[in-house]
Engineer: 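Could you have a look at this structure, given as structure tokens, before my questions?
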Protein chains: 2
Amino acid sequence: MPSIHEVAHLANVSSATASRALSRPEMVAPATRERVLSAARQLGYQPNILARSLRQGETRTIGLIVADILNPFHGQLAKGVQDVADKHGYTVFLFNSDEESEKERRAIETLRGHLPQGLIIEPTRSTRDHLKTLSNLAVVELDRVSGNPKATTITVDNLAGAKAGTRHLIEQGHTRIGMIVGQLDISTAIERHRGFQDALQEAGLPYHPELVLPGHHREDDGYRVAKHLLSLPKATRPTALFVGNNEMTVGAVLAARELGLQIPDDLSIVGFDDSRWAQTMYPPLTVVAQPAYELGAVACEHLIGLLGRPQSGLPAHVQLSTELIIRQSTGPPAPA
Amino acid sequence: MPSIHEVAHLANVSSATASRALSRPEMVAPATRERVLSAARQLGYQPNILARSLRQGETRTIGLIVADILNPFHGQLAKGVQDVADKHGYTVFLFNSDEESEKERRAIETLRGHLPQGLIIEPTRSTRDHLKTLSNLAVVELDRVSGNPKATTITVDNLAGAKAGTRHLIEQGHTRIGMIVGQLDISTAIERHRGFQDALQEAGLPYHPELVLPGHHREDDGYRVAKHLLSLPKATRPTALFVGNNEMTVGAVLAARELGLQIPDDLSIVGFDDSRWAQTMYPPLTVVAQPAYELGAVACEHLIGLLGRPQSGLPAHVQLSTELIIRQSTGPPAPA
DNA sequence: ATGAAAGCGCTAACAG
DNA sequence: CTGTTAGCGCTTTCAT
């Protein structure tokens with residue numbers, strides 16, 4: 001890799017001038033500028049970002065820590081972030097926490113060494129602690145909130161979403177509705193659970209705690225929990241299921257199939273997050289859809305905004321809305 | 001961020017000793033080492049990787065350029081790469097080319113400035129040209145090959161996979177089989193097309209060029225092409241479709257549904273790539289599955305191996321195998 | 001408008 | 001075993 005000295009030498013100027021010609025063209029005589037530019041082109045010169053960042057104390061880099069890049073929802077978040085970062089000339093360091101505290105800790109540590117100017121993170125249980133080590137880095141929390149009151153957060157209105165999904169089931173006539181909820185130490189799970197409860201209450205329906213069970217957001221959890229709920233004696237078994245995230249919904253659908261339950265005749269299902277398979281599965285799934293890509297894009301716009309001004313007042317809390325998409329996995333309960 | 005000088009000062013040693021205590025503990029007296037370590041802990045010291053990399057000329061960073069992170073197949077590749085990189089203490093710079101030459105060019109350019117020690121790339125049409133600017137960076141081509149004979153490549157046996165998928169359709173009794181093939185300037189598409197042809201030929205079946213149409217790997221392409229093929233007059237319309245990638249298969253399935261064709265009774269479909277929706281859709285899809293995660297993992301292992309030795313002989317060409325998973329989207333053609 | 005020189009934070013010679 | 005010194009490539013004063 002040629003250095004700026006070689007470019008300077010070839011153009012018969014000092015490295016200072018070469019640097020200026022490249023980054024502040026207006027400070028340099030047109031003729032000189034041309035010579036430098038052509039020398040750079042000729043040598044295939046590419047500035048060494050490490051050196052530049054070291055000198056300027058500015059890396060034009062941001063960190064992104066997502067919970068699980070294989071889950072299409074999180075994948076879309078990541079894409080939204082990347083596209084916007086790219087547009088503004090920032091480079092993204094992407095890490096996966098896989099929902100594990102320890103991985104998150106390591107990701108943050110590695111990231112720190114690379115001196116990102118900002119961090120976008122989907123918090124886990126331990127994020128609050130981990131972020132304490134990050135003196136005064138601009139942080140945007142995405143999708144979930146860690147509880148840190150100083151953080152800017154970009155989320156979806158989970159409460160309203162869950163309420164809408166549950167209400168839809170109630171309107172179909174269901175009274176025994178089960179929920180497979182996420183980990184209750186994560187904000188999204190808490191809010192969706194709350195929305196579920198609120199909808200029941202508004203309708204004057206009782207909340208059956210034994211029909212509400214937690215899972216760790218994975219397909220197997222959905223499968224296991226659904227298997228249990230759907231194997232209850234007919235009288236107590238739920239006629240509808242509201243599932244707290246996309247992966248667990250897959251598990252629930254497979255469990256229902258395995259038990260020979262027809263959807264929606266024997267069981268109605270509403271999932272959270274839309275996805276490719278929700279549209280192609282049979283029957284197409286009714287879901288509470290989230291604007292995943294936009295969520296990521298907005299988070300990144302905000303972060304970059306934050307970088308512009310030093311300490312601009314209060315942290316923002318942006319909340320995007322969800323959309324209930326009614327397909328064919330929901331219908332009235334079978335007559336008793 | 002505290003620098004190593006502050007740590008050194010607090011521990012009453014020179015910065016050189018502090019550096020050694022941190023990176024080469026055996027070179028330093030145990031007592032000193034302890035003092036330095038504790039000072040570092042106390043200050044929350046984290047080495048500045050930029051400075052270190054600049055000094056050592058070694059960034060312990062690799063670049064990864066995937067075609068489309070939102071496609072789960074590519075997502076799995078990325079995860080495989082990342083997990084392995086992580087295990088070896090490398091950090092990954094992830095970029096998306098979105099199958100666009102121009103984005104790929106920009107990604108490579110940006111990457112260069114960050115001085116990655118190696119690059120893993122899913123080549124596009126123009127990769128060969130773009131890589132010329134990368135003097136002597138270790139490069140591993142993933143999933144596809146660019147045609148550069150000096151590159152190490154990690155691929156799947158697309159020829160055998162496509163052959164197996166096609167043969168399966170032939171065994172079911174199909175004689176008019178259509179194919180939706182990818183862009184024919186990408187190696188995987190070429191090989192799958194060839195495998196398709198070979199299977200026909202081995203079975204003594206004619207190749208109908210009018211039943212083989214290209215798409216750009218997206219859902220809409222699959223939809224559009226399938227719509228066309230399936231709208232042909234009954235006598236000439238294919239009774240089975242072999243589709244060259246996962247996204248296009250979605251489109252083909254939706255097109256079939258829209259035309260009221262029952263799968264597999266009116267139409268058999270074999271897709272390339274397994275996925276979540278292939279398993280949950282109705283009916284579950286017969287596919288040629290690829291070990292995506294492993295592909296990424298192997299690529300990264302290879303790259304890191306390459307970094308160990310300087311110029312180790314010939315480039316490797318690893319080929320993993322595919323697996324035909326027979327589900328329920330394939331069956332005998334309807335009797336005429 | 002240009003050049004000389006300093007310094008970002010780190011580590012590798014080289015001395016001692 | 002430890003300190004001094006130099007330099008990775010870049011940009012930015014400060015002169016001129």
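The sequence lines fix the lettering, A, B, ..., with proteins before strands; numbering per chain opens at 1.
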Engineer: To the nearest 0.5 angstrom, please state how far the CG atom of B:Asp83 sits from the NZ atom of A:Lys103.
Structural biologist: 5.0 Å

Engineer: To the nearest 0.5 Å, how far apart are OG1 in B:Thr91 and CD1 in B:Ile62?
Structural biologist: 9.0 Å

Engineer: Starting from the first five and the last five pairs of the helix from C:dA1-D:dT16 to C:dG16-D:dC1, work out the angle between the resulting helix axes, to 10 degrees.
Structural biologist: 40°

Engineer: Contact between B:Leu77 and B:Leu64 at the side-chain level, heavy atoms closer than 4.5 Å - yes or no?
Structural biologist: no

Engineer: Keeping to residues at least two apart or across chains, list the side-chain hydrogen bond (donor to acceptor under 3.5 Å, both in side chains) pairs with something in residues 49-77 of chain A.
Structural biologist: A:Asn71-A:Asn246, A:His74-A:Glu122

Engineer: Please list, in numerical order, the residues of residues 43-51 of chain B that have a heavy atom closer than 4.0 Å to any atom of DNA chain C.
Structural biologist: B:Tyr45, B:Pro47, B:Asn48, B:Ala51

Engineer: Could you tell me which residues satisfy side chain to side chain donor-acceptor pair (under 3.5 Å) with A:Glu109, sequence neighbours excluded, listed by chain and number?
Structural biologist: A:Arg105

Engineer: Could you state the atom-to-atom distance from CZ of B:Arg55 to C1' of D:dC10 in whole Å?
Structural biologist: 16 Å

Engineer: Hey, does B:Ser53 reach any base, or is it just sugar-phosphate, or nothing, if we go heavy atoms under 4.0 Å?
Structural biologist: nothing

Engineer: Using the side chain to side chain donor-acceptor pair (under 3.5 Å) criterion, which residues pair with B:His317? Sequence neighbours excluded.
Structural biologist: B:Thr153

Engineer: For the pair made of CD in A:Glu58 and C1' in D:dT11, what is the distance, rounded to whole Å?
Structural biologist: 12 Å

Engineer: If only side-chain N and O atoms count, and only distance matters, is there a donor-acceptor pair under 3.5 Å linking B:Thr127 with B:Ser146?
Structural biologist: no

Engineer: Any side-chain heavy-atom pair from B:His216 and B:Glu99 closer than 4.5 angstrom?
Structural biologist: no

Engineer: Under the salt bridge (Lys or Arg N to Asp or Glu O under 4.0 Å) rule, collect the residues that match up with B:Asp86, sequence neighbours excluded.
Structural biologist: A:Arg106

Engineer: At less than 4.0 Å, is any side-chain N or O atom of B:Thr17 found next to OP1 or OP2 of D:dT2? Yes or no.
Structural biologist: no

Engineer: With A:Leu295, which of A:Val318, A:Thr155, A:Leu142 fulfils side chain to side chain contact (heavy atoms under 4.5 Å, CB included)?
Structural biologist: A:Leu142

Engineer: CZ of B:Arg52 versus C1' of D:dG7: gap in Å, rounded?
Structural biologist: 17 Å

Engineer: Starting at atom CE of A:Met1, determine the distance to atom P of D:dC10, rounded to an integer number of angstrom.
Structural biologist: 8 Å

Engineer: With sequence neighbours left out, which residue pairs that include part of residues 297-307 of chain B fulfil the salt bridge (charged side-chain N to carboxylate O under 4.0 Å, His left out) condition?
Structural biologist: B:Lys87-B:Glu301

Engineer: List for me each residue that meets side chain to side chain donor-acceptor pair (under 3.5 Å) alongside A:His114, sequence neighbours excluded, and say none if there are none.
Structural biologist: none

Engineer: Can a donor-acceptor pair be found between the side chains of A:His130 and A:Glu104 at a distance below 3.5 Å?
Structural biologist: yes

Engineer: Rounded to whole angstroms, how far apart are CG on A:Leu54 and C1' on D:dT12?
Structural biologist: 14 Å

Engineer: Within residues 9-16 of chain B, find the residues that approach DNA chain D with a heavy atom at under 4.0 Å, and present them sorted by residue number.
Structural biologist: B:Val13, B:Ser14, B:Ala16

Engineer: How long is the span from the CG atom in B:Leu54 to the CG atom in A:Leu54, to the nearest 0.5 Å?
Structural biologist: 6.0 Å

Engineer: Hey, where on DNA chain C does chain B first and last touch, going 5' to 3'? Cut-off is any atom under 4.0 Å from a heavy atom.
Structural biologist: C:dG9 to C:dA13

Engineer: Extract all donor-acceptor atom pairs below 3.5 Å that involve side chains of residues 16-23 of chain B and protein atoms in other chains or at least two apart in sequence.
Structural biologist:
{"from": "B:Thr17", "atom 1": "OG1", "to": "B:Ser14", "atom 2": "OG", "distance (Å)": "3.3"}
{"from": "B:Ser23", "atom 1": "OG", "to": "B:Ser19", "atom 2": "O", "distance (Å)": "3.1"}

Engineer: Which ones in residues 24-34 of chain B lie close to DNA chain D, meaning a heavy atom under 4.0 Å from one of its atoms?
Structural biologist: B:Met27, B:Val28, B:Ala29, B:Thr32

Engineer: Rounded off to whole Å, could you give me the CD-to-C1' distance for the A:Gln56 and D:dT13 pair?
Structural biologist: 14 Å

Engineer: Looking at side-chain heavy atoms only, is the closest gap between A:Gln46 and B:Ile108 below 4.5 Å?
Structural biologist: no

